[in-house]
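One structure is given here, and the rest of the page talks about it.
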Amino acid sequence: MIVLGIESSCDETAAAIVCDAASPDARILSNIVLSQEDEHRPYGGIVPEIAARSHLEHVDHLIKQALQDAGVKLAQLDGIAATGGPGLIGGVIVGVMSAKAIASVQNKPFIAVNHLEGHALTARLTENVEFPYLLLLVSGGHCQLLIVEEVDRYIRLGTTIDDALGEAFDKSAKMLGLGYPGGPIVERAAATGDGARFELPRPMLGRKECHFSFSGLKTAIRQQIERFGGEEKMSDQDVADLCASFQSAVGDVLIDRCQNALRQFRERYPNGNTLVVAGGVAANQTLAKRLADLEISENTRLIVPPAQLCTDNAAMIAWAGIERLKAGHSDLLDFKPRPRWPLDPDAPTAIGAGVKA
Ligand code: KG4
Ligand code: ZN
């Protein structure tokens with residue numbers, strides 16, 4: 001089975017060709033990601049209108065390039081998958097329309113993929129991980145703990161009551177004048193910093209459920225910066241220490257939340273032992289190393305896909321398309337792009353679970 005994947009829900013335009021070869025190494029036939037970072041950088045964050053226009057400008061030639069790199073013709077495809085949401089709606093429309101057009105002309109199945117399912121199934125693309133597993137999904141827009149039972153079946157154990165983790169990285173970097181996107185820059189700055197220098201809060205630590213909150217940590221960063229009289233008064237070492245202290249607080253929170261989630265996962269699946277980390281923040285090597293402690297303390301197996309498949313890409317969308325096709329799912333051409341699309345629509349909200357912001 002060979003599927004074309006298209007991703008355009010945020011600030012990356014991406015196209016990939018993926019097949020279902022038995023060996024993970026042989027599956028990705030091409031994988032092109034065009035980042036719009038330079039276009040959004042002057043604004044310190046993503047501007048939806050700029051994103052949508054840029055997707056429109058680039059999507060066609062990226063698809064052609066992906067086919068060419070893979071040496072695959074449109075007629076050889078078994079399906080065309082595009083991110084159908086959640087995300088910035090202008091961009092999602094661009095990808096979905098392109099996929100529908102190709103599917104219609106070629107008379108092939110169209111698959112609308114939930115972007116989060118793309119992240120969730122990446123570990124099966126790269127490592128053949130078997131269902132069920134626990135997923136820590138940490139990206140710019142999401143921060144969730146989910147049980148992945150099978151394709152299309154998720155149980156959300158926890159979510160964030162305010163910011164997503166990637167957002168907390170991005171906003172902290174912005175306050176420190178470090179630029180955009182903040183995650184990789186904060187990680188780099190933290191590498192030479194002392195994580196014990198600044199005392200920062202560990203929001204939600206010790207609570208019984210699996211929810212997250214990062215706004216208090218963000219406020220604490222702002223207060224530390226104000227103590228210096230502004231980021232421009234901080235030395236490179238001060239910035240490095242604050243970044244390292246931030247990452248250290250985040251690491252403590254992630255470990256604590258994952259411990260709770262593992263407990264809940266094992267109540268349903270007593271032999272469940274795999275923890276997968278996905279989404280852009282999973283590219284953070286320092287946090288991945290911290291989470292690896294759970295392998296011993298919780299007797300679990302930690303899987304972190306390669307960094308370039310953790311951040312947004314179309315290979316994960318094509319792969320989710322393959323998994324969905326095999327499970328008998330495809331979509332009609334009247335599918336409407338969805339700005340919001342929870343993986344577990346029945347999950348209680350964090351506030352509903354009695355958590356105070
Ligand atoms: O999954 P992704 O590419 O897009 C969304 O679906 O949101 O995630 C992007 C997020 C951004 O907030 C970015 O700062 C964060 O992932 N990120 C990182 C790292 N690389 C990307 N956060 C922490 N450390 C990193 N190395
Ligand atoms: Zn993403």
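Counting starts at 1 for both ligands and their atoms, following the listed order.
Nearest non-hydrogen protein atom to atom 4 (O) of ligand 1 is Asp312 OD2, 2.9 Å. Here the heavy atom of the protein found nearest to atom 24 (N) of ligand 1 is Asn284 ND2, 3.0 Å. Distance from atom 14 (O) of ligand 1 to its nearest protein heavy atom, with residue and atom name: Asp170 OD1, 2.7 Å.
For ligand 1 and Gly141, the ligand atoms under 4.0 Å from any heavy atom of the residue are 7 (O). Those atoms of ligand 1 with a heavy atom of His119 less than 4.0 angstrom away are 1 (O), 6 (O). Listed by number with element, the atoms of ligand 1 under 4.0 Å from a non-hydrogen atom of Gly280 are 1 (O), 2 (P), 8 (O), 16 (O), 17 (N), 18 (C), 19 (C), 20 (N), 21 (C). Within ligand 1, counting atoms from 1 as listed, the ones closer than 4.0 Å to a heavy atom of Thr311 are 3 (O). Of all atoms in ligand 1, listed by their number and element, those nearer than 4.0 Å to a heavy atom of Gly166 are 12 (O).
Ion pairing between a basic and an acidic side chain is recognised when a charged N comes within 4.0 Å of a carboxylate O; Glu130 and Arg124 show no such pairing. Arg222 has a carboxylate O that lies under 4.0 Å from a charged side-chain N of Glu226, or vice versa, which qualifies the two as a salt bridge. For Lys218 and Asp162, the salt-bridge test fails: no basic side-chain N is under 4.0 Å from an acidic carboxylate O.
The minimum heavy-atom distance between Ser245 and Asp194, with the atom names listed, is OG-O, 3.5 Å. Across all their heavy atoms, Val253 and Pro203 have their closest contact at CG2-O, 3.6 Å.
Put simply, Cys10 stays out of reach of the Zn ion (ligand 2), with no N, O or S atom under 2.8 Å from it.
Contact annotation: Cys10 has no heavy atom less than 4.0 Å from any atom of ligand 1.
Which of His115, Arg188, Glu167 comes nearest to atom 6 (O) of ligand 1 through a heavy atom is settled by distance: it is His115. Across the listed options Gly140, Gly182, Gly183, Ala278, Gly183 owns the non-hydrogen atom lying nearest to atom 23 (C) of ligand 1. For atom 26 (N) of ligand 1, the choice among His142, Glu187, Met316, Lys171 with the nearest heavy atom turns out to be Glu187.
Two residues are said to be in side-chain contact when any heavy atoms from C-beta on lie closer than 4.5 Å; Leu74 and Leu77 meet this criterion.
Between the OD1 atom of Asp312 and the NE2 atom of His119, the angle taken at the Zn ion (ligand 2) works out to 100° after rounding to 10°.
Side-chain contact annotation: Asn284 with Gln247, donor-acceptor N/O pair under 3.5 Å present.
Residue Arg53 places its CZ atom among 12 or fewer non-hydrogen atoms of other residues, nucleotides or ligands, all under 6.0 Å distant. Other residues, nucleotides and ligands contribute over 12 non-hydrogen atoms within 6.0 Å of the CD atom of Glu232.
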